[in-house]
Amino acid sequence: TRSRYSSAVAKSEVIERFSQAVRAWFTASFPAPTAAQAHGFDKIFAGEHTLISAPTGSGKTLAAFLVAIDRLVTRDTNEASATRVLYISPLRALAFDVEKNLRAPIVGIRHAAERIGADFREPLVAMRTGDTSARDRQRMLRNPPDILITTPESLYLMLTSSARSTLANVDTVIIDEIHAIAATKRGAHLALSLERLEELTLRPPQRIGLSATQRPLEEVARFLGGYIDGASRPVSIVDAGARKTLEVEVVVPVEDMGEIGKVTHELRSGPATAAAVERRTSIWPSITPRILELVQQHRSTIIFCNARRGAERLAAQLNELAADLGLAGGDAAGDFVKAHHGSLAREQRIVIEDQLKRGQLRAIVATSSLELGIDMGAVDLVIQVESPGAVSRGLQRIGRAGHAVGSPSRGKVFPKHRHDLLEVAVVARRMLDADIESTRYLRNPLDVLAQHIVAHVAMHPDVTVSALTAMIKRCANFAELSDEVRNNVLDLLAGRYPSEEFRDLKPRIVWDRI
C-alpha cells in the first residue's frame, strides 16, 4: 500500500503517540517531523512492515529508529537485557555513523526525562562488523545490546554460530540503503538470512526498509517483505514524494575532447630513451588543477572515482599540486586530500572521515564502494570523475553534498573522454529528472541458496525437506523455486553428482531420503 502525508495536523498528531520524554526531546530539537518521519512513524507504530522512500537528508533513519527507541526507553527496568532492534547496513562506515547518531538522540531523551521527571531506561547500543574484535564479540554474547548495528555478512555469521541465541528477542529489523543490495546476490543472501532469523525469533520481526533512490517501489517492497503462504507479505510504502534540490554541472576542462588520446610529439624532459616512447594526450593535466580549484572554493568536498587505483592516483596528484602551489591546510602529514576506500583499515577510515568533518582535510577521494558514513552535513560539493554508470548511483553520490533537511546537493561531473561525455550528459539529465533505472531483485540464485542450506543444516541437523522448503520460499528471491530445482541443489550438496567430472567435490550435507 502506498501512502503520502502533507497534512500538518497528521504530523502533530503522530508526535503525540510518543512517550513524554521522547516527545519533549523531539519538539525541542526539530520544528516539526518531515513528511517521511510523520508518515513513517504512523505505519511503524501500527506494527506494519514499512518501506520508506525519501531523498537523502530527509530524516528517514530517525524515522525508522525513533519508535523503537521509544519502546526501549519506556520498558520495565526489571526486564532482562536482550537485543530487540537489529539495524543492518550494507556499508561498514555507515554503521559506524549510525552508532554515533543513535547516541545523540538517546542522550537528548535522557536529559529530557530528567528535566520532566519521567522514567527512563537507557538502551545499550553495540556494533558488530568484520572489524569487531573477538573480545567485543564475546562481551556482546554475555551482555546482548538492545540495539545491534551490523552488516549482512556479520548477520549471516551470527546465525551460523552460538551468537544466534542472542537474536531470539529481536522484534524490529531496519535495513538501510536497501537500494544498494536489492538487485544483487548480496541482497538475496540477506533476504535468506532474514528468513533464517525469523526461524529463531519469538515472533516475526517488523521489517523497515530505507531507500533514497529506488524504482519501482512495489518491487523493492516485495523484496523487503518476502512471502507468506504463497502471497507477498503486506508492506506499507511511505513515499515522501519531495524531490531534493539538485544542482549538477558537467565540466569539460579542455577545448576539444576529440584531441584526448591522440599521439603527441611534444618534447618532454627526461632520459633520451623516453623520446622513443609513443605518448598520447591525457585529460588529467587539465582535470587535476580544475578539481583543486573547486576544492579551494568550497568548505568540504568529496571526490568520487570509479576505481581504487584512480582514487589513490588522483589524491597523490592533488597533494603534489597543492604542495607546489604552497596551499595552506591539510592534516599533520601535510596531505591536502586523502584517498578513502574499503581496502583501508577501519581505524584509518575513521581518522580520515573525522579529519574531513573537523575541516583538517579539504577533501577526500572516495571509490565506488561508497564506504563513507552518512554524517556528512558539512560537505557542500561532490565531484564525480567519469560517469557514475547509473542514475541511481549518481544521485547517491551527489546526495552526499548538503546532507541536511532542505539543503541542495551540488555536484560537478568530469568526463574523461568523448564517449564518457555522452554517457555523462544522459546520466546528468536523468538525474535532474529523477528518472531512475528500474530495480528487479534476482530470482533463484542457486549458489546463494546452496550456501545458506549448508549453514542452516549445520545449525539444525534434523531439519526436514518440507520445513527447509517452507523457509526458503518465504524469501522473495526463491518464492518461485520448484521442487525439481530444490532437489537438484540438495543432490549436489549431498554428493550425488551428474558426472565423474565432479568426483573431487566433497558432500556438504547428509540427505536421508527415506
Side-chain angles (χ1 to χ4, degrees), residues 49 86 88 90 130 150-161 163-164 167 173 175 178-201 204-205 207 209 219-233 235 439-499 501-513:
H49 301 307
L86 193 62
I88 303 171
T150 189
T151 61
E153 291 73 24
S154 291
L155 173 61
Y156 168 79
L157 293 175
M158 290 182 71
L159 292 171
T160 319
S161 71
R164 70 189 188 280
L167 303 175
V173 177
I175 305 173
I178 196 170
H179 56 262
I181 56 176
T184 67
K185 286 188 178 182
R186 195 180 181 202
H189 199 280
L190 172 60
L192 268 176
S193 290
L194 291 180
E195 301 308 333
R196 290 177 58 200
L197 173 68
E198 198 161 299
E199 295 283 299
L200 293 173
T201 54
R207 303 182 184 192
E219 176 85 353
V220 183
R222 284 192 293 272
F223 168 77
L224 172 66
Y227 282 70
I228 189 76
D229 296 330
S232 57
R233 287 188 181 97
V235 175
T439 295
R440 189 174 188 270
Y441 61 80
L442 299 179
R443 269 66 171 176
N444 297 336
L446 299 184
D447 50 349
V448 174
L449 177 62
Q451 185 179 6
H452 271 276
I453 288 176
V454 172
H456 188 71
V457 171
M459 296 292 102
H460 306 85
D462 294 327
V463 67
T464 63
V465 173
S466 59
L468 181 67
T469 303
M471 183 199 73
I472 292 169
K473 287 195 170 186
R474 291 203 308 265
C475 173
N477 301 85
F478 299 97
E480 302 168 3
L481 183 73
S482 67
D483 290 347
E484 180 185 2
V485 173
R486 177 207 62 198
N487 289 346
N488 288 342
V489 174
L490 291 176
D491 276 336
L492 179 70
L493 294 174
R496 181 181 285 183
Y497 304 128
S499 71
E501 295 178 5
F502 296 88
R503 61 180 178 273
D504 293 332
L505 296 180
K506 295 180 180 179
R508 299 298 177 184
I509 63 172
V510 175
W511 183 7
D512 182 354
R513 292 167 176 81

Which atom names give the shortest non-hydrogen contact between [X] and [Y], and what distance separates them?
{"X": "Val173", "Y": "Ile88", "answer": "CG1-CD1, 3.8 Å"}
{"X": "Tyr497", "Y": "Leu492", "answer": "CE2-O, 3.1 Å"}
{"X": "Arg207", "Y": "Gly226", "answer": "NH1-N, 4.2 Å"}
{"X": "Ala450", "Y": "Leu493", "answer": "O-CD1, 3.8 Å"}
{"X": "Val235", "Y": "Gly225", "answer": "CG2-CA, 3.7 Å"}
{"X": "Pro205", "Y": "His49", "answer": "O-CE1, 3.3 Å"}

Interatomic distance, [X] atom [atom1] to [Y] atom [atom2] [nearest 0.5 angstrom]:
{"X": "Leu490", "Y": "Thr469", "atom1": "CG", "atom2": "OG1", "answer": "7.0 Å"}
{"X": "Tyr441", "Y": "Ile178", "atom1": "OH", "atom2": "CD1", "answer": "12.0 Å"}
{"X": "Leu155", "Y": "Arg164", "atom1": "CG", "atom2": "CZ", "answer": "13.0 Å"}
{"X": "Cys475", "Y": "His189", "atom1": "SG", "atom2": "NE2", "answer": "11.0 Å"}
{"X": "Phe478", "Y": "Ile472", "atom1": "CZ", "atom2": "CD1", "answer": "7.5 Å"}
{"X": "Thr439", "Y": "His179", "atom1": "OG1", "atom2": "NE2", "answer": "9.5 Å"}

Do Lys473 and Glu480 meet the salt-bridge criterion of a basic N to acidic O distance under 4.0 Å?
-> no
side-chain hydrogen bond (donor to acceptor under 3.5 Å, both in side chains) assessment of Ser154 paired with Thr151 | CA-CA 5 Å; Ser154 291; Thr151 61; 3.2 Å; yes
Side chain to side chain contact (heavy atoms under 4.5 Å, CB included) between Leu449 and Val485: does it pass, once the steps are laid out?
-> CA-CA 11 Å; Leu449 177 62; Val485 173; 5.9 Å; no
Residues Asp491, Arg513; criterion side chain to side chain contact (heavy atoms under 4.5 Å, CB included); working and verdict = CA-CA 10 Å; Asp491 276 336; Arg513 292 167 176 81; 2.6 Å; yes
Under 3.5 Å, is there a donor-acceptor pair between the side chain of [X] and the main chain of [Y]?
{"X": "Lys185", "Y": "Val448", "answer": "no"}
{"X": "Asn477", "Y": "Leu442", "answer": "yes"}
{"X": "Arg474", "Y": "Glu195", "answer": "yes"}

Side chains of [X] and [Y]: does their closest heavy-atom pair fall under 4.5 Å?
{"X": "His456", "Y": "Thr160", "result": "no"}
{"X": "Thr150", "Y": "Tyr156", "result": "no"}
{"X": "Arg486", "Y": "Val489", "result": "no"}
{"X": "Met459", "Y": "Leu159", "result": "no"}

Begin with the C-alpha distance, continue with both residues' side-chain angles, and end with the deciding distance and a verdict on side chain to side chain contact (heavy atoms under 4.5 Å, CB included) for Ile175 and Leu194.
-> CA-CA 10 Å; Ile175 305 173; Leu194 291 180; 3.6 Å; yes
Decide side-chain hydrogen bond (donor to acceptor under 3.5 Å, both in side chains) for Arg196 and His452; before the verdict, give the C-alpha distance in whole Å, the side-chain angles of both, and the deciding distance to 0.1 Å.
-> CA-CA 9 Å; Arg196 290 177 58 200; His452 271 276; 3.2 Å; yes
Heavy-atom neighbours of Asp447 CG exceed 12 at 6.0 Å | yes
Criterion side chain to side chain contact (heavy atoms under 4.5 Å, CB included) on Arg233 and Arg222, from CA distance to verdict = CA-CA 7 Å; Arg233 287 188 181 97; Arg222 284 192 293 272; over 6 Å; no
